[in-house]
Q: 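Before anything else, here's the structure in question.
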2 protein chains.
Amino acid sequence: MAVYTDVAADELADFLSQYDLGELLSYKGIAEGVENSNFLLHTTKGSFILTLYEKRVAKNDLPFFLALMTHLAEHGVNCPLPVKGRDGEALRELSGRPAAIITFLEGVWPRKPNAAHCAGVGEGLARMHLAGANFAIRRANALSVAGWRPLFDAAASRADEVQPGLRAFLAAELDYLASGVWPTNLPEGVIHADLFNDNVFFLGDKLSGIIDFTFACNDMLAYDVAICLNAWCFEPDHSFNVTKARAFLNAYGRVRKLSEAEEAALPLLARGAAIRFLLTRLVDWLNVPPGALVRPKDPLEYVRKLRFHQSVSSVRDYGLMPSGLVA
Amino acid sequence: MAVYTDVAADELADFLSQYDLGELLSYKGIAEGVENSNFLLHTTKGSFILTLYEKRVAKNDLPFFLALMTHLAEHGVNCPLPVKGRDGEALRELSGRPAAIITFLEGVWPRKPNAAHCAGVGEGLARMHLAGANFAIRRANALSVAGWRPLFDAAASRADEVQPGLRAFLAAELDYLASGVWPTNLPEGVIHADLFNDNVFFLGDKLSGIIDFTFACNDMLAYDVAICLNAWCFEPDHSFNVTKARAFLNAYGRVRKLSEAEEAALPLLARGAAIRFLLTRLVDWLNVPPGALVRPKDPLEYVRKLRFHQSVSSVRDYGLMPSGLVA
C-alpha cells in the first residue's frame, strides 16, 4: 500500500487538460500496488486510474505495458484500457514521473479466494494467453532462471537470519533448476507473471478485471499457470488445496488445452515460480528502507510452497488427470 | 496515508446488506487520514466512504462525531452525511472495528493553498461555527491547555535530540500559557480543531467539503480560527503570509464577526494552537512504531510558527484592522 509521489491539484488539472476526460472532480491516492503511486480519479466523464511509475519500474518498459493492455483490451480481455490524450499518446509525465491514465474497472479482489474464483482465474488467464498470441512487442522475463542467481547472491549472506538453513536450501534448489532441467521447448507468449489475487477483480463469482501488467513479459505460458498455482491454490496455513487447483486447471484447459509436455513440466515450473517469489521477497525482507511505507511480504510462505512442489511427482498431485491417460 | 485494517469482500458485502446502498461494485483503501482506515466504495447507488475507526479514536466519541456531521450537513455545511442502515443506526462494526459509511464529497484538497482558498476556509469555518451553535452533545477538548503538559512530559527527556534547546523552549512557553493568561470568557461552540488543508475540498476556488471531524469538540470558536492561521497562512518555508491571513480573517468575519475580545486574544490562541501541534507531532516523531505505515510530520515546523506568534503584538500583524479602530 503506498502513494510515493503526491500530485498537486493544479498540476493534475493541467495534466488532465491534455485529455478529453472532462473536469476533475476528485482524486484519492489508493493503498494498493507496491511498485507505483496510484490515484483513483473522478471526472465528469467517469472514474479512471492515474499511475505514476516509480523508479523500480524501468521507463523503457512502459510502452510495452501500455501497448499490451491496449492490445488485450481490444481483444476482449477484461483489463484496463490506457487512455490516450488528444495527441494520441497514453504515456506522458507528471510530478517528474512517467504517468498514464487507464480506465477504471469495477470489481473487488477476493481476500479469501474460493474454487469458483480459481476457475475464473483459470479461464481468464487462458483467454489472456490466447489474446496475447499476436502481440508484436517482446519483453524478456528478467525474473526467470538466469535472474534468480543474482537475487540469491544479494540475499545469501543473511538468508539464515530469516530461517536457519535457508541459504543451503536455496542454493541446492537453484543448483538443481540451473542443471539443465528447466524446460525450453514449451509454447511461449505473453504472460502476466504476477497474477495474484489482488490483481484480479470479481463481481460476484464473475471475473471483471485483470490488472497490473508491470511484470508482464514473454515466457512459457505454462509458467504463468505455475505462478497461479502458487498464488491461488494454497490456504492461509500454506497447505495446498487440490480442489482449487483442479478448478483452476480445468477452467484453463477448457479455453486453452495444456499440452502433455506442459503438464509434465508443471511441477518443475511451480518450483521455479516458488523460488522466484521466495527470492524477491527475501531480498525485500532484508532490505526494508528506513521510513518504508510498505510492509514486506513474508518470504517463508514460499519455502513451504516450494517444499510442496518438490514433493509433487505429477500433475495428478495438482488435481489434474494427465492428458496422456485421458486419451 | 494508511489502511490499517483490510476488509474481505464477502464481509463487506454482508455489511452493506444492512444498508439501502445497492450492490457493491468496488472498494479501494485510500491513502489519506492517519488515524483510521478509509475505503472509497462504489455501489450501484453511488460513491461512499467507509471508515474503520482504529484504536487511537475513542469508541465513546464516535456517536458525537457522527451526530455532529449529521447535524452540520442538515444545517447546510458541506460535510459528509453519515448513512444510516435500515435499522436507523449509522455506527456498527466491521472487521472487529467500529465502522460507519458516510457520503462521498467530490472536490480536491489544495496542496498549495492560495488566498482564495484561505478565504473559502474562512467563510466555511464561520458557517460551521454558526451551524454548530444549537448542537446538543458536548465533547471536551482533550488537547487544550490542560492536555499539553502530559504531552510535554512524555517528550521532554528526548526533545533536545530533535533540536538542541527545544525542551527549555517548550517548558517556558507552557509555563507562560499556564500562568493564567489563557482566555476563558470567549464565545464557545463546536470547533473542528483540525482544519488543515487535507481536510478541505474545493472544486475550483469554491469550497465543496469539510471532512474529518475526529478532533471536533467544544471550545472557544476563536481557537479554531487560530488553528487555521497556523494551518493555512504559512508558506512552505514557514514564513507567514499576511495576504492569506487577511483573506481568511476577512472572509470569516463577513459570516461571523469576531468580537474585540476574540481579536485581542488571537495572538495568544495562535501560540496555543502552535504548541498543541508542536507537541503532538513531537510525541509522534519520538515514537514511530517499528513497521509504521505513516511518516511522522516534522514538529520543528511548529517551532518556527510559534516563534512567529510570540513576536505578534496585535491582530494587525495577522492582516486585520482591529475592530476597536474601525468603529
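So that the names make sense, note that chain A is the first sequence line, chain B the second, and so on, each numbered from 1.
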Q: What heavy-atom pair brings A:A9 and B:R111 nearest, and what distance separates the two atoms?
A: N-CD, 4.3 Å
Q: Which atoms of A:L24 come close to chain B, meaning under 4.5 Å heavy atom to heavy atom: side chain ones, backbone ones, both, or neither?
A: both
Q: Tell me, for B:F202 versus chain A, whether the close heavy atoms (under 4.5 Å) come from the side chain, the backbone, both or neither.
A: neither
Q: Would you mind checking which part of A:L25 comes under 4.5 Å of any heavy atom in chain B, side chain (CB onward), backbone (N, CA, C, O), both or neither?
A: both
Q: If I compare all heavy atoms of B:G107 with all of A:S26, which pair ends up nearest, and what's the gap?
A: O-CB, 3.4 Å
Q: For the residue pair B:K28 and A:K28, establish whether any side-chain heavy-atom pair is separated by less than 4.5 Å.
A: no
Q: So what's closer than 4.5 Å to chain A heavy atoms on B:S47: side chain, backbone, both or neither?
A: side chain
Q: Looking at side-chain heavy atoms only, is the closest gap between B:E23 and A:E106 below 4.5 Å?
A: no
